[in-house]
*Asks:* 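Next up is a structure, given as structure tokens.
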Protein chains: 2
Amino acid sequence: MDISGDTAFLKGYDPSAFDRPSVTVDLILLGMVRHRLSALLLQRVEPPQVGRWALPGGFVAIDESLDAAAARVLRDKAGVEGAHLEQLYSFGAVNRDPRMRVITIAYLALLREEQMSVAARGGRVSVVALEGDPVVAIGDGGAELPLAFDHQQILTLARDRLRGKIDYSDIAFAFLPDRFTLRALQDVHEAVLGTKLNKPAFRRRILDRGRLIATGLREEDASHRPAELFSLRSIL
Amino acid sequence: MDISGDTAFLKGYDPSAFDRPSVTVDLILLGMVRHRLSALLLQRVEPPQVGRWALPGGFVAIDESLDAAAARVLRDKAGVEGAHLEQLYSFGAVNRDPRMRVITIAYLALLREEQMSVAARGGRVSVVALEGDPVVAIGDGGAELPLAFDHQQILTLARDRLRGKIDYSDIAFAFLPDRFTLRALQDVHEAVLGTKLNKPAFRRRILDRGRLIATGLREEDASHRPAELFSLRSIL
DNA sequence: AAAATAGTGTCTTTCAGACAGTATACA
DNA sequence: TGTATACTGTCTGAAAGACACTATTTT
């Protein structure tokens, strides 16, 4: 037991030593597609795990913070800027990647509908619905897509984080445009939680929070009574 | 924008390249001392930041998972085994350590009273109370101790994580022995939240959850009516 | 007018805070 | 018997679920 000295930090460590893990960031790009919580994945074209679906990611540069690396990967690989980005968790099992020791810091990226479309305009890209526990990735045809590495675990944790935060944070609004209806907001909550919610109770709860501004405007293309558009008041 | 291929992963990366960050784990050792949420810190004896107080930490070995590295540091630097350990957050600002680029994965370690005593039996060790927002470290004499690096930020996040989880998780029990009184449990909640709680409401809320087993035993050394001892039912 | 969804009023249930009261130990 | 703390009963108020009702748009 040694708690007495500076060995708590870095002493005697050779910065050029070889036995150092690689560090990456992986992005969980989430959005609402047809009222379902969906993620954007890439299909692997080289071994290992050819054909399986993986999270976009990239190495953390030596002169780049973790947040900056995540923002760079989001911009370069998905063509998206200004999305909500938050660190999720770090994964460092020794054999999570068979090629080398890689520690990855996973980031949640919450995208609006048009950002999802932009990001999905790539090559071997798929937007999958996330369902079940642990989550599985459901492709367009309804089939389950196989996930690479430990990415099922990462996606499950991402979904669970959203569920835990949606009731007390502003994450739901990250999926929506600047002006939105209460119905659209409720759809987001229901998709994330995987349950139906009571409409009057939901309206009360959200409106009583005092964060929404009624714009007086109404949605345009409805084939029935149009709902009022609200916007989010920025933090007081 | 490149979202089409395997560049999402590791292609063309030279594992022996030099421009790689170091990776450490830092431990926030928390416990209850005199009914206050307290952390265990080490005083630095070498530059930089000599004299400031820092979290115990250590490098992640190449063949060691993050969780294993945290458990090893807990054992080797604090002499503690079997404590509740959970990953908190990863910190990777470029200049958080002036000596080199270090990414640290911070872990919460929740200790019972006797584990805190064991851990505190070192050299330049201090058990400090955490108060305020952001938290400051209050030493034995009531004076504020200066913190090293970004450790104030880490400690603040640790406290906030506890506050967020205490109402729906089992973390409070990690601070307590196997048998404990409801008063002791309420003391933990109050110390973490920094507020006083209503006693009847607290009892109802905890007991209605159905997780506590009344042992029929009572505390021993009270100079008044002794309270009943409860134990936690392991997960159903 | 019919259909569809927006939006509201209100009853009930649940649960936390408040507070006063009773119970039981030691001194 | 006094005092300190454990423990309980009950009132009140806040907030959510259920559900029926009204409102407003398009077809």
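Since the structure is predicted, the reported quantities are computational estimates derived from the model, not experimental observations. Throughout, protein chains are lettered first and strands after them, A, B, ... in sequence-line order, and every chain is numbered starting at 1.
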*Asks:* Among the candidates D:dA16, C:dA6, C:dC19, find the nucleotide nearest to the side-chain atoms of A:Ala227.
*Replies:*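 Among the listed nucleotides, the one closest to the side chain of A:Ala227 is C:dA6.
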*Asks:* Side chain of A:Arg204 only, heavy atoms from C-beta on: which candidate in D:dG17, C:dA18, C:dA25 is closest?
*Replies:*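 The answer is D:dG17.
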*Asks:* To the nearest angstrom, how far is B:Gln186 atom CD from C:dA16 atom P?
*Replies:*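 Rounding to the nearest Å, CD of B:Gln186 and P of C:dA16 are 13 Å apart.
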*Asks:* Nearest to the B:Pro200 side chain among C:dA18, D:dA6, C:dG7, which nucleotide is it?
*Replies:* C:dA18
*Asks:* Return the value, rounded to whole Å, for the distance between atom CG of A:Leu193 and atom P of D:dG17.
*Replies:* 11 Å
*Asks:* Check this for me: B:His35, atom NE2, are more than 12 non-hydrogen atoms of other residues, nucleotides or ligands nearer than 6.0 Å?
*Replies:* no
*Asks:* Need to verify one output field. Residue with the more 5' nearest nucleotide on DNA chain D, A:Arg209 or A:Ser223?
*Replies:* A:Arg209
*Asks:* Would you find a donor on one side and an acceptor on the other, under 3.5 Å apart, between the side chain of A:Arg52 and the backbone of A:Leu147?
*Replies:*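 A pair under 3.5 Å: yes.
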*Asks:* Would you check if A:Arg205 and A:Asp167 make a side-chain contact, meaning some heavy-atom pair closer than 4.5 Å?
*Replies:*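 The answer is yes; the side chains approach within 4.5 Å.
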*Asks:* What's B:Arg205 touching, base or sugar-phosphate or nothing? Going by heavy atoms closer than 4.0 Å.
*Replies:* sugar-phosphate
*Asks:* Both A:Arg218 and A:Asp208 contact DNA chain D. Taking the nearest nucleotide for each, which residue is further toward the 5' end?
*Replies:* A:Asp208
*Asks:* Base of D:dA6, side chain of B:Arg225 - is there a donor-acceptor contact under 3.5 Å?
*Replies:*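 For B:Arg225, whose side chain was compared with the base of D:dA6, there is a donor-acceptor pair (under 3.5 Å).
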*Asks:* Which nucleotide in the list C:dT5, D:dC7, C:dG7 gets nearest to the side chain of A:His224?
*Replies:*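 Out of C:dT5, D:dC7, C:dG7, the nucleotide with an atom closest to A:His224's side chain is C:dT5.
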*Asks:* Could you state the atom-to-atom distance from CG of B:Leu207 to C1' of D:dA6 in whole Å?
*Replies:* 13 Å
*Asks:* Would you kindly give the CG-to-P distance between A:Asp221 and C:dT5, to the nearest whole Å?
*Replies:*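 In whole Å, C:dT5 P lies 13 Å from A:Asp221 CG.
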*Asks:* Quick check for you: among C:dG17, D:dA18, D:dT25, whose closest atom lies nearest to any side-chain atom of B:Ala201?
*Replies:*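 Nearest nucleotide to the side chain: C:dG17.
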*Asks:* Any N or O donor-acceptor pair under 3.5 Å from the base of C:dA18 to the side chain of B:Asn198?
*Replies:* yes
*Asks:* Regarding B:Arg203, tell me which of base, sugar-phosphate or nothing describes its non-hydrogen contacts under 4.0 Å with the strands shown.
*Replies:* base
*Asks:* To the nearest angstrom, how far is B:Ile206 atom CD1 from D:dC7 atom C1'?
*Replies:* 16 Å
*Asks:* Toward the 5' end of DNA chain C, which comes first, B:Ala222 or A:Lys199, by nearest nucleotide?
*Replies:*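 Its nearest nucleotide lies further toward 5', so the answer is A:Lys199.
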*Asks:* To the nearest Å, give me how far apart CG (A:Asp187) and P (C:dT5) are.
*Replies:* 12 Å
*Asks:* Nearest-Å distance, CG (B:Leu182) to C1' (D:dT5)?
*Replies:*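 After rounding, the gap between these two atoms is 13 Å.
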*Asks:* Which whole-number value in Å describes the distance from B:Phe202 CZ to C:dA18 P?
*Replies:* 15 Å
*Asks:* A:Leu55 and side chain to side chain contact (heavy atoms under 4.5 Å, CB included): which single residue from A:Leu42, A:Asp26, A:Leu29 fits?
*Replies:* A:Asp26
*Asks:* What I'd like to find out is whether the side chain of B:Phe91 reaches to under 4.5 Å of the side chain of B:Ile154, using heavy atoms alone.
*Replies:* yes
